[in-house]
Amino acid sequence: MHRIEDYALIGDEQTAALVGVDGSVDWLCLPRFDSGACFARLLGDEDNGHWRIAPVGADRCTRRAYRPDTLVLDTEWETDEGAIRITDLMPQRDRAPDLVRIVQGVRGEVTVRSTLRLRFDYGSVVPWVRRSDGHRVAVAGPDSAWLRSEPEVHTWGEDQGTHSEFTVKEGERVAFVLTWHPSHEQRPPLIDPYVSLRHSVADWRAWASRCRYDGPYRDAVVRSLITLKALTYAPTGGIVAAPTTSLPEEPGGVRNWDYRFCWLRDSTLTLNALLAAGYQEEAEAWRDWLLRAVAGDPADLQIMYGVAGERRLPEFELPWLAGFDGARPVRIGNDAVNQLQLDVYGEVMDSLALARRSGLPPKPDIWALQTVLMDFLRSAWRQPDEGLWEVRGGRRHFVHSKVMVWVAADRAVRTLEEHPDFDGDLDGWRELRDEVHREVCEKGYDPERNTFTQSYGSRELDAALLLIPRVGFLPPDDPRVIGTIDAIREELGQGGLLRRYTSDAVTVDGLPGEEGTFLVCSFWLADALHLTGRTKEARELFERLLGLANDVGLLAEEYDSVEGRLLGNFPQAFSHIGLVNTALALFGDEEAG
């Protein structure tokens, strides 16, 4: 059984595939991130769809790496007969998505086998495969996929797959291209795989060269930025939290969620990372996606949306998939979309204030939208909610949610102070800001332990409280801030990293079992340590976190400190956003100096 860290990512900024160390593409949704998977072995078995190309008899590659500053993956295999390199990529599409796999002889003469099993609708539908124009075409319902192969292929067989066995000598290259399109449309134009490879390498390197960060660990920062770019749905600018669903937060457990959507919680941190690294166009596209998604009645603001701003993301289960390492159920959609999370109002207000300060081109009616949001918050902020972590154990007065309400009011006040020509209730918003601040400090703070707590009157802690100094709710040198940081390290620490909260408190979480340490929370701890003058400790923690990335520099959502393995959906945008922002915080001044 593979581990999550055994996978690498390729993609075309509209969808993405995961390629394992055994040369198998085990996850690919077409044509979008949130479409049905045609390769779902990741969550099931080989009969749920995969495409493996590897030397005959070899189980695991010798080494693999992305070509520098690209999303083009090279996987190398050493055998007794010689060596080969397999290059995987998904070129940025003109119309149809293409998966390109090129096998090149490096040394000697190696026998290679390709096994392709297409299974549409998350591994549940076996397509009909036929010949057409010298290619293989697979059709089932709305889906059609064409396989163009330079080696001869043989279709069907007992495993209902398409197979090819061939040899490559040193210097030889052979290519495969898999192209998807709607079955009712004509086949799209064929691409040249070798030209696509050259263009993809050049395009990615040109994009990476725009990164203006040139400090320590630049390679890790650029890899994280490339990953964020790969998780962007180019037609709209939305960024998915991850390209996967149901990769477990606990081995064999039930904490399995669909992350192929766009969360408002990520908005400010994403904008900050993109703008600080020099990617204004991407930041503007993300800002514009945000504006379209949240348009409407502020009472109907959701915590997440589809990649094009869709609101309906119903959650259901796929019983025919056994789950990653037996972790069931496999879920599609996400019912958390229906939760009330007051913090998202603060994140939207903060994002739009950051965009305005950073000089992003103005859009009509942005301020009018912000004033409507503030009018809603004036009364709604007193409600309990489900909080940042989308707990399913009932609503509470989560402290982080109230802090972000304060952020919303604070950013509204500051905007009016900076732009006195804007209309708005300056006195009323100042009053709201002060009232929220007083209540949080009174009801959300435990003076006995000198720490803020997860919710009013509780004793549980929450790693999101580490953001208090970052958002400006209290200064970093406030004793309550320092006490909160120390308490969180003590009570939520595990192996030098942080859990989000005490997940065995079922009354809060609403779910059985445990979860791993949450990587973005550990980056937040590094940020908080740096803000409070403990920069040496912050840098040590940052280096520890970098060491948790897999061999191609990718991070999941969580890390199992006991078993030493990644957990949760992969790769996780939030983790890579944390890496970029922490690197900029720790080393940005050093770089500028």
Side-chain angles (χ1 to χ4, degrees), residues 1 3-5 42-43 241-242 244-261 263 265-266 303-304 315 317 323-331 334-336 339 341 386-394 396 398 400 454-455 458-467 488-525 541 544-545 548-550 554-578:
M1 171 61 69
R3 290 189 169 204
I4 291 170
E5 53 265 37
L42 180 73
L43 301 177
T244 56
T245 180
S246 300
L247 290 181
E249 298 174 10
E250 178 186 32
V254 300
R255 298 168 181 266
N256 315 317
W257 314 110
D258 194 346
Y259 275 18
R260 298 172 299 156
F261 310 114
W263 266 257
R265 73 181 184 202
D266 305 356
I303 65 167
M304 73 180 88
E315 184 178 305
E317 299 177 3
F324 185 90
D325 203 13
R328 303 179 72 176
V330 171
R331 294 183 172 95
N334 200 314
D335 275 347
Q339 291 186 351
Q341 295 181 25
E386 277 90 1
L388 171 73
W389 304 125
E390 301 163 12
V391 297
R392 301 196 178 195
R396 292 190 173 198
F398 285 99
H400 173 264
Q454 184 180 55
S455 60
S458 73
R459 291 188 60 84
E460 291 91 1
L461 299 183
D462 192 318
L465 301 171
L466 294 169
L467 297 173
I488 286 173
R489 291 179 81 182
E490 175 67 25
E491 295 190 27
L492 299 184
Q494 186 178 82
L497 307 175
L498 286 187
R499 293 169 293 155
R500 293 186 291 180
Y501 48 84
T502 308
S503 57
D504 59 2
V506 177
T507 55
V508 174
D509 192 277
L511 294 166
E514 292 285 341
E515 62 180 20
T517 55
F518 210 78
L519 294 181
V520 75
C521 296
S522 300
F523 283 114
W524 292 347
L525 175 58
L541 176 55
R544 167 83 194 284
L545 288 163
L548 302 182
N550 72 353
L554 301 180
L555 291 167
E557 182 180 32
E558 301 181 12
Y559 184 75
D560 184 339
S561 299
V562 177
E563 297 295 329
R565 61 188 293 184
L566 294 174
L567 296 172
N569 283 303
F570 172 86
Q572 176 77 7
F574 221 14
S575 299
H576 286 282
I577 292 165

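Numbering of residues begins at 1 and proceeds along the displayed sequence. Values in this document were obtained by computation on a predicted structure and should not be read as measured data.
Listed for the N550 side chain is a donor-acceptor partner under 3.5 Å among the backbone atoms of E5. Remark: side-chain polar atoms of N256 are paired, donor with acceptor, to backbone N or O of P329 under 3.5 angstrom. The closest donor-acceptor contact from the side chain of S522 to the backbone of L498 lies under 3.5 Å. Panel note: side chain T244, backbone F570; a donor-acceptor pair is recorded below 3.5 Å. Listed for the D258 side chain is no donor-acceptor partner under 3.5 Å among the backbone atoms of T245.
No salt bridge links R499 with E491; every basic N to acidic carboxylate O contact stays at or beyond 4.0 Å. Ion pairing between a basic and an acidic side chain is recognised when a charged N comes within 4.0 Å of a carboxylate O; E563 and R565 show no such pairing.
From L497, atom CG reaches atom CG of L525 across 9.0 Å, with rounding to the nearest 0.5 Å. Distance CG/L555 to OG/S575: 5.5 Å, rounded to 0.5 Å. Atom CG in L465 sits 10.0 Å away from atom CH2 in W524 (nearest 0.5 Å). One finds the OG atom of S246 at 9.0 Å from the CH2 atom of W257 (value rounded to the nearest 0.5 Å). For the atom pair I488 CD1 and R500 CZ, the distance stands at 14.0 Å (nearest 0.5 Å). Within the model, atoms CZ of F324 and CG of L247 stand 6.0 Å from one another, a figure rounded to the nearest 0.5 Å.
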Query raised in the report: Please walk me through it: do E558 and R255 pass salt bridge (Lys or Arg N to Asp or Glu O under 4.0 Å)?
Result: CA-CA 12 Å; E558 301 181 12; R255 298 168 181 266; over 6 Å; no
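Taking each heavy atom of H576 and P571 in turn, the nearest pair found is NE2-CB, 4.1 Å. In this structure, L467 and H400 approach most closely via the heavy-atom pair CD1-NE2, 3.9 Å. Nearest approach of G578 to V520, heavy atoms of both residues: CA-CG2, 4.3 Å. Of all heavy-atom pairs spanning I4 and A556, the tightest one is CG2-CB, 4.3 Å.
Under 3.5 Å, the side chains of W263 and E390 contain a donor-acceptor pair of N or O atoms. For the 3.5 Å distance criterion, the side chains of E557 and Y259 qualify, holding a donor opposite an acceptor.
Within 6.0 Å of atom CD in E317, more than 12 heavy atoms from other residues, nucleotides or ligands are found, so the atom counts as buried in its surroundings.
Remark: aromatic rings of F398 and W389 are distant, center separation not under 6.0 Å.
Within the 4.5 Å cutoff, no side-chain heavy atoms of L461 are placed close to those of Y501.
Y559 pairs with exactly one of T517, L567, L545 by the side-chain contact (heavy atoms from CB on, under 4.5 Å) rule, that one being T517.
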